[in-house]
Amino acid sequence: MKVTIKYFASIREAIGQGSETRDTAATTLAGLRDELLSASPAHAQSLARGKSVRMALNQVMSDESALLSEGCEVAFFPPVTGG
């Protein structure tokens, strides 16, 4: 399925892009995060397990068990972000 992924603050800076559209086989936010860990070294460092990363699904704060759907929007950001 296709999902839109948005990156904010230090995650955006590390990955070098603010958003992307990606095909994924993941069904949950946890699965998508795991897929992204292998996308690049920057993804692996920014989204690593054990790092505090907040997630939103369709602009609603969500935990990793949230289910993805075709065309959804996922956002990753550090716990504290600035304007």
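For S52, there are no side-chain hydrogen bond (donor to acceptor under 3.5 Å, both in side chains) partners at least two apart in sequence or on another chain. Among residues two or more places apart in sequence or in another chain, the salt bridge (Lys or Arg N to Asp or Glu O under 4.0 Å) test is passed with E35 by none. Taking Y7 as the reference, H43 meet the ring-ring contact (aromatic ring centres under 6.0 Å, His included) condition, with sequence neighbours excluded. Taking R54 as the reference, nothing meets the salt bridge (Lys or Arg N to Asp or Glu O under 4.0 Å) condition, with sequence neighbours excluded. Partners of N58 under the side-chain hydrogen bond (donor to acceptor under 3.5 Å, both in side chains) rule, at least two apart in sequence or in another chain, do not exist in this structure. For Q45, the side-chain hydrogen bond (donor to acceptor under 3.5 Å, both in side chains) test picks out no residue, with sequence neighbours left out. Applying the salt bridge (Lys or Arg N to Asp or Glu O under 4.0 Å) rule to D34 yields the partners R49; only residues at least two apart in sequence or on another chain are considered.
Residue pairs meeting the salt bridge (charged side-chain N to carboxylate O under 4.0 Å, His left out) criterion with at least one partner in residues 1-15, sequence neighbours excluded, are K2-D23, K6-E73. Residue pairs meeting the ring pair (Phe, Tyr, Trp, His ring centres under 6.0 Å) criterion with at least one member in residues 22-42: none, sequence neighbours excluded. Note on residues 14-38: no pairs pass ring pair (Phe, Tyr, Trp, His ring centres under 6.0 Å), not counting sequence neighbours.
When all heavy atoms of L68 and L29 are compared, the closest pair comes out as CD2-CD2, 3.8 Å.
At distances below 3.5 Å, at least one donor-acceptor pair connects side-chain atoms of S62 with backbone N or O atoms of V60. Counting only distance, with no hydrogens or angles, the side chain of R22 and the backbone of M1 share no donor-acceptor pair below 3.5 Å. Remark: side-chain polar atoms of T28 are paired, donor with acceptor, to backbone N or O of G31 under 3.5 angstrom.
If you chain together hydrophobic residues whose side chains sit under 4.5 Å apart, L37 and M55 fall into the same group.
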